[in-house]
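Input: a single structure, listed below in structure tokens.
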Amino acid sequence: MKHNFGAGPGILPHEVLKQASEAVIDFNGTGLSLLEISHRSKEFEAVLDEAVLLVKELFGVPEGYSVLFLQGGASTQFALAPYNLLPSTGKAAYLETGVWANKALKEAKFFGEVEIVASSKESNFTYIPKDYTIPADAAYFHITSNNTIYGTQLQEFPKSPIPLVCDMSSDIFSRKVNVADFGLIYAGAQKNMGPAGVTLVIVKDEILGKVDRKIPAMFNYQVQIEGGSMYNTPPCFAIYVSMLTLRWLKAKGGVEVIEQENITKARVLYDEIERNPLFKPVCATEDRSHMNVTFVMENAELEKPFLKLCDERGIVGIKGHRSVGGFRASIYNALPITSVYALIDVMQEFAESNK
Ligand SMILES: *Cc1c(COP(=O)(O)O)cnc(C)c1O
């Protein structure tokens, strides 16, 4: 077995993969594959209902919010959020903490005015700006909870006088969140909750219906809510595998339990990066991500041989994003702590042989 530190699509629990593969041949003893049954069948409706219920239960989604499973990835939500929430004469506020945040605000410019309240671009996004004021006259304030590429994470969410819109693609279900503090949460499934092909959207019903533009059905949250995520054929298999992953999380004890595991995994890895003379962290200590751990080498010439040793030891997916360089170990929910220890062993072995 490999130790999968890939940033996304990321690791899924082995038992989920096994159950999913069985459902491809024979879904729940129906004699049919999950891939060939109607999305309107009672069997699939039960899958979608359970997935919605698990999201509500695991994340503590209060009354007055709708849970949707849509297509197009988080990148489509970059456009749908302003499409549905930003009046053409209004403005939206954005916190620029990385490339994904930047792509999100670029899409918003198609729909109205955009105010960047703060940015850490000048330092290649190695920290989260904290000293800013959220304009009370904006339609919403958009943040990215975890910056997958740079390895920063909002450890505290801002108190916002306007609806908070959050891209949680790379840390959804990794920690407890007070959903009532948000107007809209969205996440591509493929980092921490399922396979590629489905996007989770949690939206507060009362923030909808406030723009005057006409919105095509597929892009309209209200239409998707009325259709119960089935205005058209939903991504059945991706929803099923996400549901299995949420079941797995529930059986583990839920978000509170995984949060503690994630904190421990991150701590032991950052400790080794700090302690090991060959490596150093990239980001500001207080903003370090518990999901994507970025680090570089004091001597860049050793990067290739280190990657080679990782490969030999079954450590995969740790090459850093091209815009940061070095390494990025993504330690999502499904990655066991034994894999983190395996990486630490390789870092120590490499340091021993490169004194
Ligand atoms: C991966 C990622 C995205 C892009 O997701 P897609 O589903 O590929 O569109 C957006 N935001 C964040 C924070 C991500 O990590």
Side-chain angles (χ1 to χ4, degrees), residues 4-12 68-83 92 94-108 110 119-121 124-129 140-155 157 164-175 177 182 184-202 218-219 224 229 234-235 237-239 241-242 245 262 282-283 287-294 317-324 328-335:
N4 184 2
F5 290 90
I11 183 169
L12 288 169
L68 298 171
F69 289 96
L70 304 180
Q71 300 192 58
S75 301
T76 297
Q77 298 307 313
F78 294 166
L80 296 202
Y83 213 159
Y94 279 74
L95 185 62
E96 191 184 28
T97 53
V99 160
W100 295 122
N102 181 268
K103 286 188 169 165
L105 70 90
K106 273 190 186 146
E107 297 294 279
F110 285 109
S119 172
S120 47
K121 194 172 183 176
N124 198 30
F125 302 114
T126 52
Y127 71 99
I128 307 273
Y140 62 83
F141 179 43
H142 182 284
I143 55 175
T144 312
S145 56
N146 184 72
N147 298 283
T148 326
I149 293 173
Y150 313 90
T152 61
Q153 187 175 29
L154 269 81
Q155 299 305 339
F157 291 105
L164 200 52
V165 173
C166 186
D167 175 0
M168 286 193 194
S169 292
S170 51
D171 66 353
I172 188 110
F173 297 117
S174 70
R175 56 174 168 172
V177 161
F182 296 84
L184 172 71
I185 293 170
Y186 62 86
Q190 70 273 18
K191 270 105 184 199
N192 210 31
M193 74 164 254
V198 67
T199 311
L200 175 66
V201 172
I202 303 172
M218 280 297 288
F219 307 148
Q224 295 288 1
S229 298
F237 189 63
I239 291 172
V241 181
S242 299
T245 309
N262 288 333
V282 173
C283 296
D287 300 326
R288 284 178 191 167
S289 170
H290 293 161
M291 293 277 101
N292 309 97
V293 177
T294 50
I318 68 153
K319 193 172 181 350
H321 190 273
R322 64 189 178 280
S323 59
V324 178
R328 170 177 52 177
S330 298
I331 51 175
Y332 296 127
N333 282 356
L335 185 94

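Indexing begins at 1, ligand by ligand and atom by atom, following the structure's order. Numbering of residues begins at 1 and proceeds along the displayed sequence.
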Next item on the list: Applying side-chain contact (heavy atoms from CB on, under 4.5 Å), name anything that partners Ala104, two or more places apart in sequence or on another chain.
Entry: Phe78, Tyr94, His142, Tyr186

Could you tell me, for ligand 1, which of its N or O atoms are under 3.5 Å from any protein N or O, listing the pairs and their distances rounded to 0.1 Å?
{"residue": "ligand 1", "atom": "7 (O)", "partner": "Ala74", "partner atom": "N", "Å": "3.0"}
{"residue": "ligand 1", "atom": "7 (O)", "partner": "Gln190", "partner atom": "NE2", "Å": "2.9"}
{"residue": "ligand 1", "atom": "8 (O)", "partner": "Gln190", "partner atom": "NE2", "Å": "3.4"}
{"residue": "ligand 1", "atom": "9 (O)", "partner": "Ala74", "partner atom": "N", "Å": "3.2"}
{"residue": "ligand 1", "atom": "9 (O)", "partner": "Ser75", "partner atom": "N", "Å": "2.8"}
{"residue": "ligand 1", "atom": "9 (O)", "partner": "Ser75", "partner atom": "OG", "Å": "2.6"}
{"residue": "ligand 1", "atom": "11 (N)", "partner": "Asp167", "partner atom": "OD2", "Å": "2.6"}
{"residue": "ligand 1", "atom": "15 (O)", "partner": "Thr148", "partner atom": "OG1", "Å": "2.4"}
{"residue": "ligand 1", "atom": "15 (O)", "partner": "Lys191", "partner atom": "NZ", "Å": "2.7"}

Notebook entry, point to check: Do Thr152 and Asn147 have side-chain atoms, one donor and one acceptor, less than 3.5 Å apart?
Noted result: yes

Notebook entry, point to check: Residues two or more places apart in sequence or in another chain: which of them pass side-chain hydrogen bond (donor to acceptor under 3.5 Å, both in side chains) with Asn102?
Noted result: Glu96, Lys106

Check: When you check the side-chain N and O atoms of Ser145 and Asp171, is any donor under 3.5 Å from an acceptor?
Finding: yes

Note to self: Counting only heavy atoms not in Tyr127 (residues, nucleotides, ligands), do more than 12 fall under 6.0 Å from its OH?
What the structure shows: yes

Next item on the list: Please name all residues satisfying ring-ring contact (aromatic ring centres under 6.0 Å, His included) with Tyr332, sequence neighbours left out, ordered by chain then number.
Entry: none

